[in-house]
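Order of the sequence lines fixes the chain letters, A, B, ..., with proteins taken first and strands second; residue numbering starts at 1 for each chain.
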Number of protein chains: 2
Amino acid sequence: MAHFNDDIIGPVAATLEYIGGRWKTVILYYLTTGKRRFGEIAARIPAISRKVLTQQLKELEVDGLIFREEFKEKPPRVEYSLTPFGESLSGVFREMSLWGKEHVSGKRQVAS
Amino acid sequence: MAHFNDDIIGPVAATLEYIGGRWKTVILYYLTTGKRRFGEIAARIPAISRKVLTQQLKELEVDGLIFREEFKEKPPRVEYSLTPFGESLSGVFREMSLWGKEHVSGKRQVAS
DNA sequence: TTCATCAGTTACCATTTTGTAACCGGCAAA
DNA sequence: TTTGCCGGTTACAAAATGGTAACTGATGAA
């Protein structure tokens, strides 16, 4: 992604290397509610196209944050879930969710 | 930015509307260490061009997260600092910094 | 026999973001 | 007199990102 050689901002920047992607935090946060199929994620986050969703999921898998389980069935089925590594981000998600609830509830209209 | 009408991911998505920009979290986190001049920020985050830095700072100011103080001097001086609203994000930064220290310290090489 | 299902992939194009270089003003130092 | 300082802004070009539509393969249902 980018490059950060700084000691102060280093750890935060390092975290962003994992969850800094456009949709990654939202995807991961949705997966904290349990194992989900590709179609479920796509339905839950309609703003993201399937192409980009595929890309983001692949990157998250490569980074070890999510686990992809593919069932060899005839209409294919794929389930995504958080790895323990991905679950270790829960503190970040919790704080983000808290802040969103406390500071932005309803204030900011969401475009479409 | 985008659109999230979802109740589950809503608060997290709302938070991302504020800090989801490419460099915003890093800038804000650097400002938690105190008031900084434009040039200091630019020097601290060399990966970002001055043009984009200007843009991100302007957005952060519009969103009420940072305060911009301009001194009418001859070589101009501008100082940026967190507003109380910006400081309210400290929990998010703390968790991100913690996670980065615990899980990525040194593992991931930073490109240049 | 044709259609729908699911989780993609691919090609192609449009949009967005980003970088680079030049420029600004007004004072002080060389 | 020219140069550097600082915090930008602007125009232009390049790169990254994004969307859309068509296609895949195997099966079961109509």
Side-chain angles (χ1 to χ4, degrees), chain A residues 1-5 13 16-28 30-31 34-63 66-82 110-112, chain B residues 1-4 13 16-28 30-31 34-63 66-81 110-112:
Chain A
M1 217 169 183
H3 36 113
F4 309 101
N5 298 317
L16 286 171
E17 298 264 339
Y18 284 90
I19 63 171
R22 179 71 184 81
W23 298 100
K24 288 183 180 175
T25 307
V26 170
I27 294 168
L28 291 169
Y30 178 47
L31 288 180
K35 189 180 293 189
R36 300 292 175 187
R37 299 183 60 170
F38 180 86
E40 292 181 285
I41 305 172
R44 189 58 102 168
I45 315 170
I48 185 173
S49 71
R50 319 191 124 236
K51 189 187 79 169
V52 175
L53 178 56
T54 305
Q55 291 170 355
Q56 301 271 294
L57 288 170
K58 201 168 287 175
E59 290 180 23
L60 290 170
E61 189 197 358
V62 166
D63 282 344
I66 65 174
F67 176 61
R68 180 179 182 278
E69 191 176 7
E70 186 177 351
F71 298 87
K72 298 289 183 184
E73 299 173 0
K74 314 322 156 2
R77 179 160 61 105
V78 178
E79 291 183 347
Y80 293 91
S81 54
L82 291 184
V110 273
S112 75
Chain B
M1 216 170 184
H3 39 110
F4 310 100
L16 287 171
E17 299 264 340
Y18 284 90
I19 63 171
R22 179 71 184 81
W23 298 101
K24 288 183 180 175
T25 306
V26 170
I27 294 169
L28 290 170
Y30 178 48
L31 288 180
K35 190 179 294 189
R36 302 291 176 188
R37 299 183 60 169
F38 180 86
E40 292 180 284
I41 305 173
R44 189 58 101 167
I45 315 171
I48 186 173
S49 70
R50 319 191 122 236
K51 190 189 77 170
V52 175
L53 177 56
T54 305
Q55 292 169 355
Q56 302 271 296
L57 288 169
K58 201 167 289 177
E59 290 180 23
L60 290 170
E61 190 197 358
V62 167
D63 282 344
I66 64 174
F67 176 63
R68 180 179 183 276
E69 192 176 7
E70 185 176 353
F71 298 87
K72 299 288 181 182
E73 298 173 1
K74 314 325 154 8
R77 180 162 59 105
V78 178
E79 293 183 346
Y80 293 92
S81 52
V110 273
S112 79

Provide the closest heavy-atom pair for A/Leu60 versus A/Tyr18 in the form atom of the first, atom of the second, distance. CD2-O, 4.3 Å
All salt bridge (Lys or Arg N to Asp or Glu O under 4.0 Å) counterparts of B/Arg77, not counting sequence neighbours: B/Glu73, B/Glu79
To the nearest angstrom, how far is B/Arg77 atom CZ from D/dG8 atom P? 13 Å
Rounding to an integer number of Å, can you tell me how far B/Ile45 CD1 sits from C/dG19 C1'? 17 Å
Using a cutoff of under 3.5 Å, can you pull out all pairs of nitrogen or oxygen atoms linking the protein to nucleotides 18-25 of chain D, with atom names and distances?
| from | atom 1 | to | atom 2 | distance (Å) |
| --- | --- | --- | --- | --- |
| D/dG19 | OP2 | A/Ser49 | OG | 2.8 |
| D/dG19 | N7 | A/Lys51 | NZ | 3.0 |
| D/dG19 | O6 | A/Lys51 | NZ | 2.3 |

Can you check whether A/Lys72 has a side-chain N or O nearer than 4.0 Å to OP1 or OP2 of D/dT27? no
Please report the distance, rounded to the nearest Å, between CD in B/Glu70 and C1' in D/dG7. 9 Å
Any residue meeting salt bridge (Lys or Arg N to Asp or Glu O under 4.0 Å) with A/Glu59, in chain and number order, not counting sequence neighbours: A/Lys24
Separation of B/Arg36 atom CZ from D/dG7 atom P, in whole Å? 13 Å
Take the protein atom CD of B/Glu73 and the nucleotide atom C1' of C/dA28, then report the distance between them rounded to whole Å. 14 Å
Distance, rounded to the nearest Å, where A/Ile41 contributes CD1 and C/dG8 contributes P: 9 Å
Just the rounded figure in Å: distance from P of C/dG8 to CZ of A/Phe71. 12 Å
Can you name the closest pair of heavy atoms from A/Pro76 and A/Arg37 and give their distance? O-NH2, 3.6 Å
Looking at A/Arg68, is its backbone amide N or carbonyl O close enough to the side chain of A/Glu61 to form a donor-acceptor pair, meaning the two atoms are under 3.5 Å apart? no
Distance check needed: C/dA7 C1' versus A/Lys58 NZ, whole Å only. 11 Å
Side-chain heavy atoms of A/Leu31 within contact of A/Tyr80, under 4.5 Å: yes
Short side-chain N/O contact from B/Arg37 to OP1 or OP2 of D/dC6, under 4.0 Å: no
